[in-house]
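We number each residue from 1, following the sequence as shown. Please read all numbers here as calculations on a predicted model, not as lab measurements. FYI, side chains are in, hydrogens and waters are out, and symmetry mates aren't considered; it's all heavy atoms of this structure.
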Amino acid sequence: MLTGEPPFQGENVYAAMRAKLQDDPRRRGACSGDLAALEETVLHALERDPRDRPESALELREALAHPESVVVTGRASRQRPKPKMPRWLRTLLAVGAAVAAYGLLVWTLSRAG
């Protein structure tokens with residue numbers, strides 16, 4: 001709602017669900033001041049593990065109402081960088097490596113007798 005785009009996107013609903021389980025939310029850029037507190041609050045609410053999220057809606061409301069009380073931990077800078085290789089290429093390389101390893105195993109066993 002703040003950025004005009006969902007935090008987790010994908011080509012289809014399944015890709016978006018996978019992104020929510022495995023990826024970090026999309027960022028807009030470095031923030032400072034009250035915006036840094038807002039970014040910290042939003043990323044805190046979007047944490048993957050429920051134990052890492054605010055404990056209640058009241059806690060989230062207080063953080064949004066009083067940004068000066070939010071401790072900016074640098075949560076945004078700890079997000080993983082996006083992979084440079086497309087997902088289909090990484091999958092293709094992983095499958096190729098598995099096939100090569102299997103072929104090497106078969107070859108080694110056939111040479112051993």
Side-chain angles (χ1 to χ4, degrees):
M1 185 169 68
L2 294 171
T3 63
E5 295 180 0
F8 303 100
Q9 294 183 345
E11 296 171 1
N12 54 47
V13 69
Y14 302 108
M17 288 188 315
R18 184 211 47 85
K20 185 173 183 178
L21 292 173
Q22 297 176 352
D23 298 341
D24 291 320
R26 294 178 53 163
R27 292 194 54 225
R28 286 298 182 213
C31 296
S32 61
D34 284 347
L35 287 180
L38 178 61
E39 180 180 46
E40 182 76 23
T41 302
V42 169
L43 291 175
H44 186 204
L46 289 173
E47 282 288 344
R48 200 168 285 112
D49 188 347
R51 293 173 296 203
D52 295 335
R53 295 183 208 140
E55 292 183 14
S56 66
L58 180 61
E59 182 181 335
L60 181 60
R61 179 186 163 277
E62 288 300 313
L64 291 170
H66 305 287
E68 68 280 354
S69 68
V70 174
V71 177
V72 178
T73 65
R75 187 182 310 267
S77 65
R78 292 191 305 269
Q79 290 185 325
R80 296 173 293 198
K82 296 293 177 199
K84 303 217 186 299
M85 241 188 295
R87 185 170 181 76
W88 66 267
L89 184 57
R90 288 184 289 149
T91 303
L92 182 65
L93 289 173
V95 169
V99 168
Y102 179 75
L104 183 62
L105 176 66
V106 169
W107 180 77
T108 304
L109 291 175
S110 68
R111 303 251 321 147

Side-chain heavy atoms of His44 within contact of Val70, under 4.5 Å: no

For the student: nearest non-hydrogen atoms of Lys20 and Arg48, plus distance: O-NE, 3.5 Å

side-chain hydrogen bond (donor to acceptor under 3.5 Å, both in side chains) involving Asp49 - partner list, sequence neighbours excluded: Arg51

For Val106, the rest of its hydrophobic cluster, which grows through side-chain links under 4.5 angstrom: Tyr102

side-chain contact (heavy atoms from CB on, under 4.5 Å) partners of Ser56, counting only residues at least two apart: Leu58, Glu59

Sole residue of Thr41, Leu43, Val42 in side chain to side chain contact (heavy atoms under 4.5 Å, CB included) with Glu39: Leu43

Joint hydrophobic cluster, Leu46 plus Met17, side-chain heavy atoms closer than 4.5 Å: no

Closest non-hydrogen atom pair between Ala37 and Pro67, with its separation: CB-O, 3.4 Å

Euclidean distance, His66 NE2 relative to Arg61 CZ, rounded to 0.5 Å: 7.0 Å

Residues clustering with Val99 (ILVMFWY side chains joined when closer than 4.5 Å, directly or via others): Val95

Hydrophobic cluster (4.5 angstrom, side-chain heavy atoms) - remaining members for Trp107: Leu104

Counterpart residues, salt bridge (charged side-chain N to carboxylate O under 4.0 Å, His left out), relative to Arg18 (two or more places apart): Asp23

Closest contact, heavy atoms only, Ala45 versus Pro54: CA-CD, 3.7 Å

Nearest heavy-atom neighbours spanning Gly10 and Ala15: CA-CB, 3.7 Å

